[in-house]
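Mind looking over this structure? Questions follow.
Along the sequence shown, residues carry numbers from 1. Every heavy atom of this structure was used, including side-chain atoms; hydrogens, water molecules and symmetry mates were not. These figures come from a predicted structure and were not determined experimentally.
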Amino acid sequence: MQLLQIAVGQGADLDRLQKFMDMQERWEANEARKAFNNAFAAFKSEAVSIIKTTEVKDGPLKGKMHANLHDVVVAVTPALSKHGLSMSWKLSRDEKDWLEVTCNLRHVSGHAESVSMGAAPDTGPGRNAIQARASAKSYLERYTATAILGLAAKEADDDGNGEGCGTQPSAGA
């Protein structure tokens, strides 16, 4: 802002002031992007683990474990906050037969990035229209979060008593 004040003090015309403002905005955006990238790299160094704690109750993946939205949020929020990052969602498309969710990842410096994903309402067994929409929304929030953060869920550790040791890939996230 000092540069702009100097230009005004020297009688710069409106066109010149606009150029100074554009230059200042580009510089600030670049600084914010660099701060975001540094914070995101620091977040990734935290090696956050998302644990699959919820059993799928129906459908082709019945009996498999997945990480629900709560599992994802609880796992990532402390490390995000530690590095000045936050995550939020917006229902960016809301139609009868289609929902789209956008996940925004923001840094305190002002830089933000986003990922969007869409799906039809989840009309699984026993769901009414509202539950079908809520299920799809939650699913989209979970997957946009893991997509923008570059994370995947792992199996819960079962203390060496069987399958869930975290070393084998499994269905769902």
Verify, without hydrogens or angle tests, whether Thr146 (side chain) and Tyr143 (backbone) share a donor-acceptor contact under 3.5 angstrom.
->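 Here the side-chain-to-backbone pair exists.
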
Does the Lys44 side chain pair with the main chain of Gly150, one donor and one acceptor, at a distance under 3.5 Å?
->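 Side chain of Lys44 to backbone of Gly150, a donor-acceptor pair under 3.5 Å: yes, one is there.
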
Name every donor-acceptor pair, under 3.5 Å, that has one atom in a side chain of residues 32-43 and the other anywhere in the protein, sequence neighbours excluded.
{"unit_1": "Arg33", "atom_1": "NH2", "unit_2": "Asn30", "atom_2": "OD1", "d": "2.3"}
{"unit_1": "Lys34", "atom_1": "NZ", "unit_2": "Glu31", "atom_2": "OE2", "d": "2.9"}
{"unit_1": "Asn37", "atom_1": "ND2", "unit_2": "Arg33", "atom_2": "O", "d": "3.4"}
{"unit_1": "Asn38", "atom_1": "ND2", "unit_2": "Lys34", "atom_2": "O", "d": "3.4"}

Donor-acceptor pair, Ser138 side chain versus Ala134 backbone, under 3.5 Å?
->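 A pair under 3.5 Å: no.
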
Main-chain N/O of Glu141 paired with Trp89 side-chain donor or acceptor, under 3.5 Å |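 Indeed, once roles are kept as given, a pair shorter than 3.5 Å links the two residues.
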
Side-chain donor/acceptor of His83 to backbone N/O of Leu85, under 3.5 Å =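 No; zero donor-acceptor contacts below 3.5 Å.
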
Pairing of Asp15 and Lys19 as salt bridge, 4.0 angstrom limit =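 Judged by the 4.0 Å cut-off on N to carboxylate O distance, Asp15 and Lys19 do form a salt bridge.
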
Main-chain N/O of Thr77 paired with Ser81 side-chain donor or acceptor, under 3.5 Å |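 Between the backbone of Thr77 and the side chain of Ser81 there is a qualifying donor-acceptor contact (under 3.5 Å).
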
Does some side-chain heavy atom of Lys154 sit less than 4.5 Å from a side-chain heavy atom of Ile51?
->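 Heavy-atom side-chain distance check passes, below 4.5 Å.
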
Salt bridge between Lys82 and Glu46, side-chain N to carboxylate O under 4.0 Å?
->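 Salt bridge between Lys82 and Glu46, a charged N being under 4.0 Å from a carboxylate O: yes.
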
State, yes or no, whether a side-chain contact exists between Leu149 and Leu80 at a heavy-atom distance under 4.5 Å.
->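 Answer yes - side chains close enough.
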
Under-4.0 Å salt bridge between Asp122 and Arg127 =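 Looking at Arg127 together with Asp122, the answer is yes, because their closest N to O distance falls below 4.0 Å.
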
